[in-house]
Structure formats: structure tokens, C-alpha cells
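Predicted, not measured: the structure shown is a model, and the values here were computed from it.
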Amino acid sequence: MLSALFQRAQLPHICCSATAHLRQKPYKVLCASTFSTLRLGQPTHETHPHLLKAGELTPGITSLEYALRRARLAASLPPGGVAVVPSASVKYRSGPVFYKFHQDPDFFYLTGFLEPEAVAVIEKTGADGEHLFHLFVQGKDAHAELWDGTRTGVESAMEVFNADKAYDVEHMQFHIAPLLQNAKTVFIDVPTQSKSACQKNFGGIKGPSLPKALEEKHTQPLRPIIHQLRAVKSGAEATLMRNAGKISGRAYNKAIRQYFTSEKDLCASLEYDFIRGGCDRSAYVPVVAGGRNALSIHYTSNDCLLRDGDLVLVDAGGQYGGYVTDITRTWPVNGKFTDAQRDLYSAVLNVQRNCVKLCRESAGVSLNDIHRVSEDGLRSELTLLGFNLLDGALSNILYPHHVGHYVGVDLHDCGSYGRVRKLQSGQIVTIEPGVYIPNDPRWPKHFRNMGIRIEDSVYVGEDHPIVLSVEAVKEIDDIEALRK
């Protein structure tokens, strides 16, 4: 039922002519029998039918949806506008030892292309989203592919990723200046540092040709435009995030059911169950904070022993098809809440429930509005528990973070979008109130050194929110029942 609801949340209308070229391509180009043996730089339906359905470029997202995203971006640009979106580059720990590659979120959103050292150029050619899609990629290179794996190459960039024109990125200096020659405005997120930093940001292969081509051009930031598009999720995106929430929530329940003696073991078990359950990987470095470690909001050392009688706060989630979920749960190490733990946990849970209810378009509120509701609620709950909250103690000490953020391809999605706009149907946000009680005589003794946060990823509906991480139990009776 939820999948059907999400599928009704479609991308805004774009003129058919903007994507007509996709339907005009011969079907054999996309489905030739040779594709069953042709390997690209990332999975395809033909090589990985267990991961992708026919027509999908990445799990759950079709080539048509990627084309519609580019059309929406083109429709958002002024006449003569050109958008330039570099991919991410490989990052190195030391020498030849590299980190696992993570694609730039904006580039991923527009192309579905998962290789490094690439550049997308979207050239507005008319009204209603009409555009040309140029894609610079690494060319085929037998020696490089022997070491680093298969590359998609220029030809497949057009055949599979629907680029109108594709080029070898090593020849970018011969093509980028003519592409930008007639542009009235180039939309690109140019670093504001020195020229050398600019070249470094755009990667070794892409620079200095790209920065040089921009020297005489009027440029404007692209990120605010893309983030406005990314802020509202399509039905396919929401379904991916529901899958991430479901798998991650079940992994949480499995962890709560077990007795762990160390943060390290709990963390390892949870990350294993994310992947074993179907997620690609952890969405971010988990927080597994036993006892007073939970007072550090981004504690990630995860190397202490867990003590009987303490709480453990876990902030973790899986990534599925390039989309993430963000969940936090807090539970007793031994599976049974003490009276003090129960009282403080109930206070946070009551506020979290009330804030989740506001995640609907009809409420007419922003994330900042919901944050104020969370502060008022925690102030009331903590006062009833004997806290003296004078002199800004709540926001400065006990609850120093915001109640939520947007989530999607990024953990903190669409950072330039801000939290002041009213929530719209189709957006996905986190709701995560928390309290962190230092060992200080100002606070009731039986609550000191407790840190409690409860967080869910929530789909904003027109009249009702949908908790995407609902599988992860959070009611006290449900948590304790998992240990019985």
C-alpha cells in the first residue's frame, strides 16, 4: 500500500519534447543481446538482473526519470543557461591506497553515472525543459581497466546513459570552451578559494581546462537550483528510502534483542545486518555510544565496553540504491529500563511523537517551526521531572541540536534549501529530539550522564506523515519485550 502511495508522487510535468529523443532511439540500442556480455563501469540490468530491473540505470530509478530530472533542471535555467556538474574524484588515504568511491550527489541525481572523473553539461535549448546533455567520461583504456576495473567509455555513455553527445574527459580542453561559448550564464559551483584550489576541486583530469573555460564567463551557483529539485522526492525515490528504512529498522530490532558487551561488537553486528538484509552499505559512520559517551552527539570511537545498567544510544542507518535512512534508538544495555531511564526516555518519546505528527503539508509548518515545538515540549517534560531550565540551559546544554533535517541521496540532504520553508508533500525529513544530561549538580542526580535521542526518517504526506523507519521499535514495552 505504501509503494502505491509513493508511486502516485510523480515528478512535476515536463513537456514531452524534452525527453522525446529517448523514445526515438531504436529499442535494440538499449536491449541488444550483446549487452548480456557487455560490462560497463557499473551494474546494468543485463549484467546484474538481481539488482536492477529492465529500464533502470540505478536500483529503482529508470533512465527516463534521470532524463526528466535533467529536463526539470533545464526548465529552471534562464535562456542561454548552461549547467556544468563535475563528478566526484577518487580520494586517497595515502600513496596508492584509496577510499571507497562515493559519487557527487548532484551529479548522481542528474545522471546515475557512478564513475569518477566525469563532467555533465546540460545546455538549455528551449522552453519546457528542452536541452542537450553532454557527458565527459574516462575513455576505454585496457591497462587502466586491468587495475581499476571496467570503464563505461564514450560510446556506452550515449547508448546507456542517453547523453546526446559524449567525449573522452582527457580531451576536455578541446570541447568545453566551444560548449560554453554562447552561454549567457554558466551555472556551476565554483570554489571560492585560490585558482590552484579551484583546479584541485575539479580533479586532475578535468583541470585546468574547466577553470580556464570559465575565466571570462558570468557564473552563478548551481547547487541552490538542484537542491530545490532534490528536496521533493519522486515515488521511486521514496520507495528506495522506505526499503532502506525497513531493512535498517529490522537490523535495529535484531540488535536490541541481543546482549552486547562492547560498542565495537554492537556496531559490527548492526552494519553486517544492514548489508545482509539488502542495503548497499552503511549510510554514514555509526554512533554507538554506551553510558556517558552518548553526551557527545557525534561520538564515533565505538571502542568502549557496555555496562549493565547503562543506556546505549545508536545512530546508524543503511544506504539502498544510493538513498539513505537516518535512525537513532536508545535502549538499556541489559534490556530493562530503570525508573529514571524510563521517565527521561518517555519525555523524549512524547516530544518525538508530537513532532512526527506535524510532518504533513496541511500543518503548514517548517522544520524550524517543528524545532520550536520540540523545545517547548522538552522544556515542559523536563520541568515536570525536576529540571531548572533557566538561562538558556535547554538549547545551550541539554538539547543543543536541531530537531531535524532533509534526507535523501545525502544524509543531510539539500543543505542550501534551508529549514525555513514550509514542508511540502513528497519531502523526507528526520525528527530527532534528544536530551544529554552532563554530570553537573544543576541537574537531578538520577538523570546525570544519560543521553537519549530518538530519530526516524519521515515522509511528508499531504495530510498524514509516513514513518519510513517504523520497523525499528521505540515504545518502552516493545523494547523490553524483545529481550523476553
Original post:
Are Arg69 and Tyr109 in a cation-pi contact, defined as NZ or CZ under 6.0 Å from the six-membered ring centre and within 45° of the axis?
Top reply: yes

Is there side-chain contact between [X] and [Y], with heavy atoms separated by less than 4.5 Å?
X: Tyr299; Y: Asp315; result: no
X: Asp413; Y: Lys233; result: yes
X: Glu123; Y: Val82; result: yes
X: Glu263; Y: Val312; result: no
X: Arg419; Y: His371; result: no
X: Val287; Y: Thr300; result: yes
X: Asp106; Y: Arg223; result: yes
X: Pro78; Y: Lys124; result: no

**OP:** Under the side-chain hydrogen bond (donor to acceptor under 3.5 Å, both in side chains) rule, what do Ser89 and Glu117 come out as? Steps first, then yes or no, please.
**Re:** CA-CA 5 Å; Ser89 297; Glu117 308 299 346; 3.2 Å; yes

Would the number of heavy atoms belonging to other residues, nucleotides or ligands and lying under 6.0 Å from [atom1] of [X] be above 12?
X: Arg276; atom1: CZ; answer: no
X: Lys264; atom1: NZ; answer: no
X: Phe274; atom1: CZ; answer: yes
X: Glu155; atom1: CD; answer: no
X: Arg353; atom1: CZ; answer: yes
X: Phe98; atom1: CZ; answer: no
X: Lys217; atom1: NZ; answer: yes
X: Glu462; atom1: CD; answer: no

**OP:** Walk me through it: do Gln352 and Ile431 pass the test side-chain contact (heavy atoms from CB on, under 4.5 Å)?
**Re:** CA-CA 7 Å; Gln352 205 252 3; Ile431 296 296; 4.1 Å; yes

Heavy-atom donor-acceptor pair, [X] side chain to [Y] backbone, under 3.5 Å:
X: Thr330; Y: Ile452; value: no
X: Asp168; Y: Val154; value: no
X: Thr111; Y: Phe113; value: yes
X: Thr239; Y: Gly235; value: yes
X: Gln319; Y: Arg281; value: no
X: Glu115; Y: Thr152; value: yes
X: Asn302; Y: Val288; value: yes
X: Ser248; Y: Gly318; value: yes

Among side-chain atoms of [X] and [Y], is any donor-acceptor pair under 3.5 angstrom?
X: Tyr66; Y: Thr58; result: yes
X: Tyr399; Y: Ser374; result: yes
X: Ser469; Y: Asp456; result: yes
X: Thr185; Y: Gln220; result: no
X: Tyr323; Y: Asn243; result: no

Looking only at heavy atoms, which two atoms of [X] and [Y] are closest? And how far apart?
X: Ser425; Y: Val232; value: O-CG1, 3.7 Å
X: Asp141; Y: Ala144; value: OD1-N, 3.0 Å
X: Met241; Y: Ile428; value: SD-CD1, 3.4 Å
X: Val407; Y: Val324; value: CG2-CG2, 3.5 Å
X: Phe187; Y: Pro221; value: CD2-O, 3.8 Å
X: Ala163; Y: Ala166; value: CB-CB, 4.5 Å

**OP:** Tell me, with the steps shown, if His402 and Asn368 meet side-chain hydrogen bond (donor to acceptor under 3.5 Å, both in side chains).
**Re:** CA-CA 8 Å; His402 203 280; Asn368 279 352; 2.8 Å; yes

Identify, with sequence neighbours excluded, every residue that meets ring-ring contact (aromatic ring centres under 6.0 Å, His included) alongside [X].
X: Tyr417; answer: Tyr406
X: His175; answer: Tyr167
X: His405; answer: His412

**OP:** Could you point out which residue of Thr62, Val160, Leu114 forms a side chain to side chain contact (heavy atoms under 4.5 Å, CB included) with Leu57?
**Re:** Val160

Original post:
So, are Asp164 and Arg70 salt-bridged, with charged N and O less than 4.0 Å apart?
Top reply: no

Subject >> Pair listing, salt bridge (charged side-chain N to carboxylate O under 4.0 Å, His left out) test, anchored in residues 249-258, at least two apart >> reply: Lys254-Asp273

Original post:
For residues 360-370, which residue pairs qualify under salt bridge (charged side-chain N to carboxylate O under 4.0 Å, His left out), counting only residues two or more places apart or in two chains?
Top reply: Asp369-Arg372

Original post:
When the ring planes of His143 and Trp147 are compared, do they come out parallel, tilted or perpendicular, using 30° and 60° as the limits?
Top reply: perpendicular

Original post:
What's the verdict on salt bridge (Lys or Arg N to Asp or Glu O under 4.0 Å) for Arg242 and Glu471, showing C-alpha distance, side-chain angles and the deciding distance?
Top reply: CA-CA 10 Å; Arg242 172 67 185 116; Glu471 277 76 9; 2.7 Å; yes

Subject >> Between CZ on residue Arg329 and CD on residue Glu455, distance to nearest 0.5 Å >> reply: 8.5 Å

Original post:
Should Glu145 and Lys140 be marked as a side-chain contact (heavy atoms from CB on, under 4.5 Å) after you check the CA-CA gap, both sets of side-chain angles, and the distance that decides it?
Top reply: CA-CA 8 Å; Glu145 292 177 61; Lys140 301 292 288 182; 3.1 Å; yes

**OP:** Take Tyr252 and Val314, measure what side-chain contact (heavy atoms from CB on, under 4.5 Å) needs, and give me the verdict at the end.
**Re:** CA-CA 9 Å; Tyr252 264 93; Val314 177; 3.7 Å; yes

Subject >> Ile61 vs Glu237, side-chain contact (heavy atoms from CB on, under 4.5 Å): CA-CA, chis, key distance, verdict >> reply: CA-CA 7 Å; Ile61 307 295; Glu237 292 177 291; 4.2 Å; yes

Original post:
Who are the side chain to side chain contact (heavy atoms under 4.5 Å, CB included) partners of Pro105, not counting sequence neighbours?
Top reply: Arg230, Val409, Asp410

Original post:
Can the ring centroids of Tyr436 and His401 be said to lie less than 6.0 angstrom from one another?
Top reply: yes

